[in-house]
Amino acid sequence: MADEANTSGNGLEFDEPGGLSRRSFIGTAASAGVMLGVAGAVRMPFARADRPAESRPARIAKNLIFMVSDGMSMGTLQLADLQCRLKRGRASNWVSLIESGEVTRGLVDTRAADSFVTDSAAASSAWSTGVLHDNRKISWAPDGSLPETLLMRAKAAGKATGLVTTTRLSHATPAAFCVNLPDGNRDEEDRIAWQMLERPVDVMLGGGARFFDPFLAEPGVADPFEVVRDRTQLETSRDSPSGKRLLGLFSRSHMAFELDRDLTEEPWLPDMTVAALERLARHPDGFVLQIEAGRVDHAAHYNDAPGLVGDQVAFDDALGSVLEFVGGRDDTLVVITTDHGNANPGLTDYGQRGIDGFEVLCNAQRSLQWVVRELGREWTAPALREAVRAATTIDLDPEDVDLLLRARRGERVDPLHMRRAEYGAIGQVLANYSKVSFVSPNHTADFVEISAMGPGCELLPGFMRINDVHPVLVSALDLPPTAATEAGAEVDG
Ligand SMILES: [Zn+2]
């Protein structure tokens with residue numbers, strides 16, 4: 001199943017623009033002036049001069065906690081907040097922060113160097129290096145240079161570093177914060193895993209054991225690491241006096257969706273967040289930590305509203321743990337954002353129908369991935385009805401069952417061509433019950449929210465391209481410039 005392959009979970013990959021080379025893109029844009037084709041217009045607005053000048057923060061941040069809900073459309077933020085208000089009687093942590101006025105906020109245009117719609121690799125590389133990247137590239141700039149990544153810059157400045165994610169650790173968002181991958185792309189996760197082991201990242205917690213274990217089995221490779229494999233071992237590691245690097249590999253591939261998680265085996269995102277913060281906070285010169293709720297993106301690709309909200313709420317609970325950590329301290333910059341919208345979910349029916357629909361969503365027990373795996377190859381009407389009922393309490397009506405079986409046979413049942421995979425069809429059928437519908441199974445070009453608090457947050461522009469986040473981080477932490485990053489700065493000039 002393509003679902004485990006990468007961020008474009010449904011196998012509906014973004015097609016790279018064909019025909020024109022990168023150089024001729026630039027040439028076209030430069031020579032055609034205002035008569036640009038659309039392909040040229042992708043690159044045109046990103047001249048280096050557009051970027052805000054780096055300025056000095058009022059105070060220097062010792063630590064940076066960079067929180068990413070991957071693929072979070074604004075509807076995802078809203079649905080999770082509504083669930084928090086209904087189930088817990090209070091707003092989500094993120095919306096509470098916004099409500100309080102304690103955060104500096106901005107809108108981010110997430111475009112990649114070669115695409116209006118970004119992927120996670122280009123987005124994370126832009127945050128990490130300050131250079132706009134092409135989709136699928138991991139801190140390998142369009143001009144072929146290898147700009148130094150944020151974690152390696154932080155390490156060079158004497159800070160501890162960490163990555164926490166619910167996807168494979170070798171997935172694009174954590175990878176681009178520490179790895180440079182020349183002559184390749186995000187799919188080469190064995191290469192990425194090897195670099196992550198070689199590079200001095202102090203804490204790495206997530207999934208992806210299948211890419212790390214073959215290396216760890218080689219003589220000596222595991223020696224610098226304290227390796228933990230489940231929730232109990234992670235808990236025990238919190239008291240460990242070990243000076244070793246902490247490596248948590250809690251799943252062969254991605255970690256489970258929050259709705260499907262085995263509570264005794266896998267830690268959830270707040271567990272990993274607390275463990276990482278405790279370990280990193282021992283470091284006298286501060287730390288840089290990325291925390292990613294990576295499966296929010298996958299649930300959006302699957303058009304799975306309950307799965308999406310489950311993982312977004314876990315992200316929000318991780319934010320709660322971060323807020324506990326920074327409470328009373330004034331030395332930590334916290335950035336909360338996403339790398340792009342995905343599928344743009346929205347509750348979209350009025351009055352009682354919308355209320356009842358949202359209750360259906362809140363009562364779901366399992367993800368759509370669980371439904372599809374439960375069915376396996378046995379897509380019969382009774383099995384389908386039973387799996388959907390078990391996951392969501394929804395009783396599919398016969399017409400919906402028939403439509404899904406036809407979709408499974410490859411018939412076109414949706415006017416939108418890209419919604420051809422079974423997940424999209426189930427997601428849209430369930431929208432008849434939950435009233436949460438999706439625009440597509442792919443990332444979107446929407447502007448996204450960024451919120452920041454702590455020293456340096458005042459540097460955040462109100463509106464920015466995604467690589468403009470990077471100089472804010474660097475200035476807030478007062479990281480010294482490097483030869484590599486200076487070279488990188490020439491890229492889009
Ligand atoms: Zn992403």
Side-chain angles (χ1 to χ4, degrees), residues 2-14 16 66-77 80 108-129 132-139 150 163-179 181 185-187 189 192 206-208 253-255 257 269 290-304 307-308 311-312 314-315 318 335-345 438-450 465-467 469-470:
D3 61 18
E4 299 290 346
N6 55 49
T7 320
S8 300
N10 286 353
L12 303 164
E13 294 292 328
F14 178 79
E16 297 288 334
F66 193 86
M67 299 195 69
V68 183
S69 174
D70 200 295
M72 188 202 75
S73 294
M74 203 46 106
T76 305
L77 182 65
V108 185
D109 179 339
T110 65
R111 279 184 271 179
D114 66 342
S115 173
F116 292 133
V117 178
T118 191
D119 79 340
S120 299
S124 186
S125 297
W127 286 327
S128 176
T129 68
L132 278 172
H133 274 63
D134 291 346
N135 276 351
R136 309 188 61 72
K137 302 301 190 287
I138 302 288
S139 297
L150 185 67
L163 297 167
V164 167
T165 183
T166 50
T167 64
R168 297 186 293 265
L169 276 163
S170 47
H171 218 241
T173 305
F177 260 47
C178 69
V179 163
L181 202 69
N185 68 51
R186 55 180 295 169
D187 294 340
E189 291 189 49
I192 292 171
S253 182
H254 302 304
M255 293 176 69
F257 283 110
L269 193 57
Q290 182 202 75
I291 300 167
E292 185 206 22
R295 305 221 70 194
V296 169
D297 180 72
H298 297 178
H301 279 298
Y302 295 160
N303 289 4
D304 175 6
L308 183 75
D311 273 51
Q312 179 66 28
F315 175 78
V335 176
I336 316 150
T337 190
T338 179
D339 52 348
H340 47 77
N342 189 342
N344 296 9
F438 295 82
V439 73
S440 81
N442 282 340
H443 297 181
T444 61
D446 294 38
F447 299 138
V448 299
E449 166 77 22
I450 185 168
R465 273 113 193 181
I466 194 161
N467 59 323
V469 176
H470 175 86

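Just follow the structure's listing: the first ligand is 1, and inside any ligand the first atom is 1. Only this structure's heavy atoms are used, side chains among them; waters, hydrogens and symmetry mates stay out. Keep in mind it's a predicted model, so treat the numbers as computed, not measured.
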Looking at the Zn ion (ligand 1), is there an N, O or S atom belonging to Asp339 that lies under 2.8 Å away from it? yes
Test of understanding: with ring pair (Phe, Tyr, Trp, His ring centres under 6.0 Å), list the residues that count as partners of Phe438, not counting sequence neighbours. none
Under 3.5 Å side-chain donor-acceptor pair for Asn442 and Ser440: no
Please give the atom name: the N, O or S atom of His340 nearest to the Zn ion (ligand 1). NE2
With a cut-off of 2.8 Å, does Asp70 place any N/O/S atom under that distance from the Zn ion (ligand 1)? yes
Check: Ser120/Asp70 side-chain N/O donor and acceptor closer than 3.5 Å: yes
Glu292-Thr173 side chain donor-acceptor pair, cut-off 3.5 Å: yes
Taking both backbone and side-chain atoms into account, decide whether His443 has an N/O/S atom under 2.8 Å from the Zn ion (ligand 1). no
State whether Thr173 contributes an N/O/S atom found under 2.8 Å from the Zn ion (ligand 1). no
side-chain contact (heavy atoms from CB on, under 4.5 Å) partners for Ala123, two or more places apart: Thr118, Asp339, Ile466
